[in-house]
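Notes follow the structure.
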Amino acid sequence: MVSLKRLVCAAVAMLAMSIGARAEDGFPFGTEMTLEALPQAGSKRIPNIEIGDHGEVLLELWCKGGKGQFSVAGNTVIFVPGQIQDRNCPPGRAQADDDLVAALSSVETWKRQGDVLTLIGPKPLRFRTTGN
């Protein structure tokens, strides 16, 4: 016969595992992530975003940089770009940066699987947690 103490311990362990799994798949506040993309010709740089604990975002694009804000409710997400610094970018990289900011601004939903965040909109964007 299984004791009540063992049943309670098993229930607590299962609850802890399910909470941990949900936290791992939650929106990655407080995380730095890199876009799954190839560098632009002549550069090793790949865009990354640093998402603060309250959704504030620091963007480092192919050439430009700036700030923005994520607002998240359930699986819905809205990105509002802030001021983007021009930094005298070559035309091709400047256009790629503008296209990426536009794609971020058009995302509607998100999903996360492990260390990959997919922002879903007309052009899906995949970001991976930056490992140190």
Side-chain angles (χ1 to χ4, degrees):
M1 184 166 174
V2 178
S3 71
L4 180 59
K5 183 178 178 180
R6 283 189 179 180
L7 283 175
V8 169
C9 288
V12 168
M14 289 176 61
L15 179 62
M17 287 188 305
S18 70
I19 289 171
R22 276 186 265 142
E24 181 179 296
D25 290 336
F27 196 82
F29 294 109
T31 305
E32 185 174 339
M33 306 191 90
T34 302
L35 180 67
E36 287 189 347
L38 297 173
Q40 296 287 311
S43 174
K44 294 180 182 178
R45 194 167 168 172
I46 298 175
N48 69 62
I49 58 176
E50 187 175 327
I51 306 168
D53 293 335
H54 302 288
E56 64 279 10
V57 178
L58 292 176
L59 299 166
E60 284 299 329
L61 306 169
W62 279 285
C63 181
K64 297 179 181 184
K67 296 182 178 182
Q69 178 74 41
F70 278 119
S71 295
V72 180
N75 73 335
T76 301
V77 64
I78 296 171
F79 177 77
V80 178
Q83 185 170 350
I84 304 296
Q85 302 167 350
D86 191 343
R87 299 182 182 168
N88 296 319
C89 302
R93 287 191 201 143
Q95 185 61 54
D97 288 347
D98 293 344
D99 293 346
L100 181 53
V101 171
L104 281 166
S105 299
S106 66
V107 299
E108 299 168 351
T109 60
W110 66 276
K111 68 178 179 178
R112 182 172 176 196
Q113 294 176 310
D115 65 347
V116 175
L117 170 69
T118 304
L119 298 172
I120 303 162
K123 179 181 179 184
L125 302 168
R126 287 175 47 101
F127 287 87
R128 186 171 297 278
T129 302
T130 303
N132 292 333

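Nothing fancy with the numbering, it's 1 onward along the sequence. Values below: every heavy atom of this structure, side chains too, minus hydrogens, waters and symmetry copies. Owing to the predicted nature of the structure, the values given are computational and were not obtained by experimental measurement.
Closest approach of Ile46 and Ala37 over heavy atoms only: CD1-O, 3.4 Å. Of all non-hydrogen atoms in Asp97 and Trp62, the two that sit nearest each other are OD1-N, 2.8 Å. Listed here is the closest heavy atom pair of Gln69 and His54: NE2-O, 2.8 Å. The shortest non-hydrogen separation linking Gly26 to Arg112 is O-NH1, 2.8 Å. Shortest non-hydrogen contact noted between Phe27 and Trp110 is N-CH2, 3.1 Å. In terms of heavy atoms, Asp86 sits closest to Cys89 at O-SG, 2.8 Å.
By the side chain to side chain donor-acceptor pair (under 3.5 Å) test, Arg87 is found to be paired with Glu60, Gln85, residues two or more places apart in sequence or in another chain being considered.
Rounded to the nearest 0.5 angstrom, Lys123 NZ and Leu104 CG are separated by 9.5 Å. In this structure, the separation between CG on Asn75 and CD1 on Ile120 is 8.0 Å, given to the nearest 0.5 Å. Rounding to the nearest 0.5 angstrom, the gap separating the OG atom in Ser106 from the CG atom in Leu125 is 7.5 Å. In this structure, Glu56 CD and Glu50 CD are separated by 9.0 Å, a value rounded to the nearest 0.5 Å. Between Leu35 atom CG and Leu119 atom CG the span is 9.5 Å, to the nearest 0.5 Å.
The same ILVMFWY cluster, assembled from side-chain heavy atoms under 4.5 Å apart, contains both Phe29 and Leu117. Leu61 is not connected to Leu58 by any chain of hydrophobic side-chain contacts under 4.5 Å among Ile, Leu, Val, Met, Phe, Trp and Tyr, and they are in different clusters.
With contacts defined as side-chain heavy-atom distances shorter than 4.5 Å, the pair Val116/Glu36 qualifies. Counting only heavy atoms from C-beta outward, the side chains of Thr129 and Pro28 never approach each other to under 4.5 Å.
Looking at Ile49, Thr34, Thr31 one by one, the single match for side-chain contact (heavy atoms from CB on, under 4.5 Å) with Phe127 turns out to be Ile49.
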